Enquirer: 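Please find one structure pasted underneath; my questions will follow.
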Amino acid sequence: QLQLVESGGGLVQPGDSLRLSCVASGRTASSYVMGWFRQVLGKERAFVAVISWSGGRSYYADSVKGRFTLSRDNVKNTVYLQMNSLKPEDAGVYYCAAGVRNLLSSRADDYDYWGQGTQVTVSS
């Protein structure tokens, strides 16, 4: 079983930056594709970004391209989501997810493990 714990959320103003972290334990995180999703109240989880096992490939939702960067440190079993130029529409609960299959998917159903989420609020 893989456990995921997110951290780094908070309250920021538009234009600010945040770095979210997701630490994996229980198994070697390098065996998993890692993704981030965002959820706002009353809506389904929306894809944000995903990174391959090695970290060599990553894909982003159009809404965050050029502003967000996903990286991973497999020695530390940690994935990082650097979020710059934050907008109010970036707010929500951010979830880290791990997928067993080598599939860089934007679908929540393709992920096998989930963290508990970390809240990001963007407001002036």
Side-chain angles (χ1 to χ4, degrees):
Q1 193 80 353
L2 183 72
Q3 290 83 42
L4 303 174
V5 178
E6 304 96 332
S7 63
L11 171 63
V12 295
Q13 294 184 342
D16 285 351
S17 297
L18 274 177
R19 188 177 79 159
L20 305 184
S21 299
C22 173
V23 179
S25 62
R27 289 187 176 180
T28 302
S30 60
S31 300
Y32 298 86
V33 166
M34 301 296 293
W36 284 91
F37 288 75
R38 176 177 64 239
Q39 188 169 28
V40 297
L41 191 64
K43 294 188 177 181
E44 295 184 353
R45 292 182 186 183
F47 170 73
V48 175
V50 60
I51 192 165
S52 63
W53 294 346
S54 68
R57 291 181 298 153
S58 57
Y59 294 100
Y60 300 88
D62 288 343
S63 61
V64 306
K65 281 181 183 176
R67 299 187 298 120
F68 289 14
T69 303
L70 187 54
S71 61
R72 66 189 300 165
D73 183 337
N74 287 337
V75 173
K76 295 182 178 180
N77 278 348
T78 302
V79 175
Y80 304 100
L81 182 65
Q82 178 67 43
M83 306 187 296
N84 298 329
S85 302
L86 282 161
K87 304 175 181 180
E89 52 264 41
D90 295 321
V93 179
Y94 280 72
Y95 293 92
C96 175
V100 175
R101 289 162 288 179
N102 187 20
L103 179 64
L104 299 186
S105 175
S106 61
R107 298 177 62 247
D109 288 346
D110 287 330
Y111 292 81
D112 303 284
Y113 300 97
W114 292 84
Q116 84 290 347
T118 184
Q119 177 73 49
V120 172
T121 304
V122 184
S123 176
S124 55

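Bear in mind the structure is a predicted one, so any value in this text is a computation, not a measurement.
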Enquirer: Using a 4.5 Å cut-off on heavy atoms from C-beta on, say whether the side chain of Thr69 contacts that of Tyr60.
Expert: yes

Enquirer: Out of curiosity, Arg38 CZ to Phe47 CZ, how far, rounded to the nearest 0.5 Å?
Expert: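 Result: 11.0 Å between the selected atoms.
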
Enquirer: Kindly say whether Gly92 contributes a backbone atom to a donor-acceptor pair with the side chain of Gln39 at under 3.5 angstrom?
Expert: no

Enquirer: For Asp16 and Leu18: C-alpha separation, side-chain torsions, deciding distance, then whether side chain to side chain contact (heavy atoms under 4.5 Å, CB included) applies.
Expert: CA-CA 7 Å; Asp16 285 351; Leu18 274 177; over 6 Å; no

Enquirer: Might you point out which heavy atoms bring Ser124 and Pro14 nearest each other, and give the distance in Å?
Expert: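 Reported closest heavy-atom pair: N-CD, 3.7 Å.
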
Enquirer: Roughly how far apart are Leu86 CG and Arg67 CZ, rounded to 0.5 Å?
Expert: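 CZ of Arg67 is found 6.5 Å from CG of Leu86.
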
Enquirer: When rounded to the nearest 0.5 angstrom, what is the spacing between OH in Tyr32 and CG in Asn77?
Expert: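 Interatomic distance, Tyr32 OH to Asn77 CG, rounded to 0.5 Å: 10.5 Å.
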
Enquirer: Set out, in order, the CA-CA distance, both residues' side-chain angles and the distance that settles side chain to side chain contact (heavy atoms under 4.5 Å, CB included) for Met83 and Trp36, then state yes or no.
Expert: CA-CA 12 Å; Met83 306 187 296; Trp36 284 91; over 6 Å; no

Enquirer: So, are Lys65 and Asp62 salt-bridged, with charged N and O less than 4.0 Å apart?
Expert: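 Asp62 and Lys65: salt-bridged.
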
Enquirer: Before you tell me yes or no, could you show the steps for Tyr111 and Val50 under side chain to side chain contact (heavy atoms under 4.5 Å, CB included), namely the whole-Å CA-CA distance, both residues' side-chain angles and the distance that decides it to 0.1 Å?
Expert: CA-CA 11 Å; Tyr111 292 81; Val50 60; 3.1 Å; yes

Enquirer: Any side-chain to backbone donor/acceptor pair from Arg72 onto Ser52? Under 3.5 Å, distance only.
Expert: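 Yes: the side chain of Arg72 pairs with the backbone of Ser52.
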
Enquirer: In terms of hydrophobic clusters joined by side-chain contacts under 4.5 Å, are Leu2 and Val79 together?
Expert: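 Yes, because Leu2 and Val79 connect within a single hydrophobic cluster, where side-chain heavy atoms sit under 4.5 Å apart.
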
Enquirer: Once you round to the nearest 0.5 Å, how far does CG of Asn74 lie from OG of Ser54?
Expert: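 Interatomic distance, Asn74 CG to Ser54 OG, rounded to 0.5 Å: 8.0 Å.
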
Enquirer: Applying the 4.5 Å side-chain criterion to the ILVMFWY set and letting contacts propagate, would Tyr80 and Tyr59 be lumped into a single cluster?
Expert: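 Tyr80 does not cluster with Tyr59.
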
Enquirer: Would you give the length of the straight line joining atom CG of Asn102 to atom CG of Leu104, rounded to the nearest 0.5 angstrom?
Expert: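 Asn102 atom CG to Leu104 atom CG measures 6.5 Å (nearest 0.5 Å).
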
Enquirer: Would you sort out whether Cys22 and Tyr94 count as a side chain to side chain contact (heavy atoms under 4.5 Å, CB included), showing the intermediate values?
Expert: CA-CA 10 Å; Cys22 173; Tyr94 280 72; over 6 Å; no

Enquirer: Measuring from Leu20:CG to Gln82:CD, what's the distance to the nearest 0.5 Å?
Expert: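 Leu20 CG to Gln82 CD: 9.0 Å, rounded to 0.5 Å.
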
